[in-house]
Amino acid sequence: MSEADVSQQRVEVIFPADEIRQRVTALAQQIAAAGLDRLLVVPILKGSFVFAADLIRALHEAGVEPEVDFVTLSSYRKNMRSSGAVEILRDLDLDVDGRNVLIVDDVLDSGRTLVFAKDLLSARGAKRILTCVLLNKKVHRAVQMEADLKAFDCPNEFVVGYGMDVAHRFRELPFVGRVVGG
Ligand code: IMP
Ligand code: MG
């Protein structure tokens, strides 16, 4: 099945599940090759939860035994575009002082979310911080930020699936795509 029909809206595939799987495996091998001891993986919720779940299992296959803790961040959006402010909705439980950290996010767009997360963990004394995103959008960067690792460059349009939503829908899709119709 390549498309999901939900009420009047359909989601057209941009990145199919098998391509995502291949890229996740390759990313895990790159992360393993970095040889970071006591790695703490920090997925930024909610959008990265599916990506992070696949990535940590690929890390296991690559011989890495990470710990995992979550932070929930919100960047205010209007019309599916980021407006600026980022805030912590739910903080980490673990202390990152002296730890190697891999921050995982779904989309790098304006860059504000990833910069906020990196600055936060750095201010708390993280040792080395790597950033890893599923999708890199290139057009709307508001701050200087490039991810250390990325699965795909993404067209400049709003995408859903593989953990990402619009109005809480489509997170369950195993692929990334664009909403059409409705
Ligand atoms: P940034 O702070 O502008 O870089 O935005 C990054 C955050 O916005 C990500 O963590 C996503 O949650 C969200 N985001 C940006 N673009 C999309 C999209 O196309 N679909 C779903 N979420 C998106
Ligand atoms: Mg997000």
Side-chain angles (χ1 to χ4, degrees), residues 3-4 6-7 9-17 19-20 23-24 27 40-56 68-93 96 101-123 126 129-182:
E3 289 183 346
V6 189
S7 64
Q9 294 185 317
R10 288 182 305 115
V11 179
E12 243 175 41
V13 179
I14 301 175
F15 300 110
E19 282 181 30
I20 296 174
R23 288 298 300 138
V24 168
L27 287 174
L40 175 64
V41 174
V42 178
I44 299 177
L45 298 178
K46 301 175 186 170
S48 74
F49 79 108
V50 173
F51 176 42
D54 283 347
L55 187 62
I56 61 170
V68 186
D69 195 6
F70 304 93
V71 65
T72 307
L73 298 183
S74 146
S75 55
Y76 290 106
R77 322 199 126 248
K78 271 188 188 156
N79 304 323
M80 303 199 236
R81 289 281 305 280
S82 177
S83 65
V86 179
E87 70 169 348
I88 303 174
L89 299 184
R90 183 199 170 278
D91 209 336
L92 298 157
D93 293 326
V96 300
V101 178
L102 178 73
I103 299 173
V104 177
D105 204 2
D106 50 0
V107 183
L108 173 57
D109 188 13
S110 75
R112 290 191 186 97
T113 303
L114 209 51
V115 163
F116 181 93
K118 200 173 173 182
D119 288 352
L120 181 73
L121 301 189
S122 161
I129 302 176
L130 285 182
T131 54
C132 179
V133 298
L134 178 69
L135 303 175
N136 179 44
K137 291 187 185 174
K138 296 173 167 176
V139 178
H140 294 296
R141 212 70 95 234
V143 290
Q144 205 175 346
M145 166 58 70
E146 293 308 321
D148 298 305
L149 301 147
K150 64 186 176 189
F152 301 100
D153 286 323
C154 181
N156 182 37
E157 56 187 308
F158 198 81
V159 295
V160 298
Y162 200 63
M164 294 173 288
D165 74 309
V166 61
H168 309 287
R169 296 176 61 195
F170 304 122
R171 291 193 198 273
E172 75 283 11
L173 300 178
F175 53 84
V176 173
R178 65 175 70 81
V179 180
V180 293

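Just so you know, ligand 1 is whichever comes first in the structure, and atom 1 is the first atom listed for that ligand.
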Would you check whether Val159 reaches within less than 4.0 Å of ligand 1, judged by its heavy atoms?
yes

Is any side-chain heavy atom of Val107 less than 4.5 Å from a side-chain heavy atom of Cys154?
no

Using only atom types and a distance under 3.5 Å, with no angle test, would you say the side chain of Arg112 pairs donor to acceptor with the backbone of Phe116?
no

List in chain and number order the residues that pass side chain to side chain contact (heavy atoms under 4.5 Å, CB included) with Arg178, two or more places apart in sequence or in another chain; answer none if no residue qualifies.
Glu12, Ile14, Glu157, Val180

Indicate the atoms forming the closest heavy-atom contact of Asn156 with Lys137, along with that distance.
OD1-CD, 4.4 Å

Proximal ligand 1 atoms for Ser110, defined as those under 4.0 Å from one of its heavy atoms
1 (P), 2 (O), 3 (O), 4 (O)

Kindly indicate whether the side chain of Val41, heavy atoms from C-beta on, has any atom under 4.5 Å from the side chain of Val104.
yes

With Pro16, which residues qualify under side chain to side chain contact (heavy atoms under 4.5 Å, CB included), at least two apart?
Val13, Asp18, Glu19

Does at least one non-hydrogen atom of Glu157 fall below 4.0 angstrom from an atom of ligand 1?
yes

Report the distance from atom CG of Asp106 to atom CZ of Arg171, rounding to the nearest 0.5 Å.
8.5 Å

Does Val166 approach ligand 1 within less than 4.0 angstrom via side chain, backbone, both or neither, non-hydrogen atoms only?
neither

Checking the N or O distance criterion of under 3.5 Å, is ligand 1 in contact with Gly111?
yes

Should Gly47 be listed as contacting ligand 1, given a heavy-atom distance under 4.0 Å as the test?
no

Close-contact set for ligand 1 against Asp105 heavy atoms, below 4.0 Å:
9 (C), 10 (O)

Which of the atoms in ligand 1, numbered in the order shown and given with their element, are less than 4.0 Å from a heavy-atom of Thr113?
1 (P), 2 (O), 5 (O), 6 (C), 7 (C)

Going by the closest heavy atom to atom 19 (O) of ligand 1, which one wins out of Met145, His140, Lys137?
Lys137

